[in-house]
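This report concerns only the one structure given below.
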Amino acid sequence: MIPGPFDYHAPRSLAEAIGLLGAHGFDAKLLAGGQSLIPMMKFRLAEPAVIVDLNRVPGLDGVREQDGQLVIGALAREADLEQAAVVATTYPILLDTALVVADPLVRNLATVGGNLAHADPANDHPATMLALGAELTATGPTGERTIPIDDFFVDTFTTALEPDEILTAIRIPRPAPRSGGAYVKFERKVGDYAIAGAAAHLTLDDDGRVAAVRIGLTNVNYKPMRATQAEAALLGQEPTEDAIRAAAQLASQECDPSSDLRGPADYKRAVARTVTARALRRALERARAA
Amino acid sequence: MRTVPISVTVNGEVRQAAVEPRLLLVHFIREVLGLTGTHIGCDTTSCGACTIHLNGKPVKSCTVFAVQADGAEIRTVEGLEQDGRLHPVQEGFWQEHGLQCGFCTPGMMMTAVALLEANPNPDEAEIRRAISGNLCRCTGYVNIVKAIRYAAEKMRQPEVAPAVAGGGED
């Protein structure tokens with residue numbers, strides 16, 4: 001399959017990249033890892049007139065801890081998350097997530113930033129970033145602004161980014177003591193999108209009760225979503241098996257999956273319940289061990 | 001159609017061409033350079049038949065534009081054999097019957113070579129994870145895993161066989 005024709009630009013600075021986006025508006029698409037964009041272009045689901053290749057812009061790669069936050073650059077690949085020691089030790093939910101994105105070959109190119117900015121409700125990082133309460137740095141012609149992850153996903157394939165803004169960094173607060181998180185995805189086969197996925201991140205207080213909890217869900221709504229009713233049911237409670245099951249049941253009711261080739265909506269609700277419970281159990285184990 | 005000049009080092013040789021921006025890297029490799037060892041299978045980023053090394057990392061060349069590879073180092077299956085001697089991974093696929101129809105084999109071997117260069121002694125689970133983006137519809141993977149283990153062993157003791165020029169490294 002041959003993508004439609006386009007003009008190609010490979011800017012050498014962020015300012016140049018933003019200028020190109022500003023000049024071409026909605027006709028331009030940003031190319032980072034390309035692992036979602038290029039397949040869409042081959043199917044002619046996307047036919048941008050202009051491609052702005054971000055890969056030659058310096059300073060956007062890397063995964064590092066800085067000022068009590070994990071900073072993931074716009075060009076950090078999924079494979080970079082897999083290999084970063086700090087991710088395995090301090091942010092294991094991110095490692096859970098990276099390891100189930102597509103397959104290892106795709107992960108050598110696919111970027112974490114692209115996984116978010118593409119805003120596909122089937123992508124895995126949105127749920128995890130919702131659970132982690134990430135903050136996104138958007139850079140545009142007038143400088144940087146911060147977008148809380150809760151405000152980022154506007155619609156299917158649509159984010160709060162302006163056409164001339166670039167998602168330049170993802171910032172994740174270092175988890176409080178006695179915190180743990182996990183991502184659980186149920187998929188038909190390696191490399192597929194989730195039938196349903198759940199990311200859970202929670203913090204325990206001194207009595208072992210849930211002091212904070214956030215739950216994100218994958219591929220069971222028109223856009224990435226938090227299971228806020230499930231969160232509310234757990235907050236302040238002792239995280240017993242019964243409490244976890246009750247919260248997972250709420251998550252399965254508040255999501256809104258569509259029937260498609262991955263199964264009917266009712267089945268996806270059942271899977272959402274199961275993965276939510278599994279993610280909460282694993283998050284709890286990690287919080288108790290932290 | 002406007003073309004863009006690119007210069008790519010392919011299997012150690014500098015290759016230059018003017019390409020349409022929409023030309024996929026796999027088409028550049030096969031049709032412009034004539035290196036047809038790299039296969040096109042699914043064309044949808046699933047099967048891994050088109051796996052090549054881009055700056056040392058295995059990627060699916062059907063999901064990269066050739067213009068993105070400007071200035072890059074590329075290795076294809078044709079670059080594995082050195083001085084008429086098979087790469088240990090190629091030898092492993094031969095010895096352990098790691099293929100039947102052979103269509104997935106070039107991509108499978110490129111992934112295997114990258115794995116062994118990063119991890120000289122992978123266990124079976126690590127091998128299976130590494131090749132999880134390469135689909136084989138003939139073998140059931142059992143002999144592919146054996147072939148990669150054969151190569152791993154061979155590459156870990158490169159100096160034992162005096163006939164292996166370059167010590168099995170490249």
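Naming convention: chains lettered A, B, ... in sequence-line order (proteins, then strands); numbering from 1 in each chain.
Interface remark: Thr45(B) contributes backbone and side-chain atoms alike to the contact with chain A (heavy atom separation under 4.5 Å). Proximity to chain B is limited to the side chain of Arg56(A), based on heavy atoms less than 4.5 angstrom apart. Heavy-atom distances place no part of Ile51(A) under 4.5 Å from chain B, backbone and side chain included.
Residues satisfying the side-chain hydrogen bond (donor to acceptor under 3.5 Å, both in side chains) test with Glu47(A), not counting sequence neighbours, are none.
Distance check, rounded to the nearest 0.5 Å: CG of Asn108(A) to CG of Leu54(B) gives 9.5 Å. Put simply, CD on Gln68(B) and CG on Asn55(A) are 6.0 Å apart, with the number rounded to the nearest 0.5 Å.
Around atom CZ of Phe186(A), no more than 12 heavy atoms belonging to other residues, nucleotides or ligands sit under 6.0 Å away. In this structure, Lys57(B) places its NZ atom where only 12 or fewer heavy-atom neighbours from other residues, nucleotides or ligands lie under 6.0 Å away.
The candidate with the highest count of non-hydrogen atom pairs below 4.5 Å against chain A, out of Leu23(B), Thr63(B), Val59(B), is Thr63(B). Between chain A and the options Cys62(B), Gly48(B), Pro58(B), the largest number of non-hydrogen pairs under 4.5 Å is found for Pro58(B).
Between Tyr8(A) and the choices Val19(B), Asp70(B), Val67(B), the side-chain contact (heavy atoms from CB on, under 4.5 Å) rule is met once, by Val67(B).
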Go through it in stages, so that I can follow the logic: the residues are Arg129(B) and Val190(A), the test is side-chain contact (heavy atoms from CB on, under 4.5 Å), and I'd like the CA-CA distance, side-chain angles, deciding distance and then a yes or no.
CA-CA 10 Å; Arg129(B) 264 201 301 278; Val190(A) 166; over 6 Å; no
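With hydrogens and angles ignored, the 3.5 Å screen pairs a side-chain donor or acceptor of Lys42(A) with a backbone N or O of Asp43(B).
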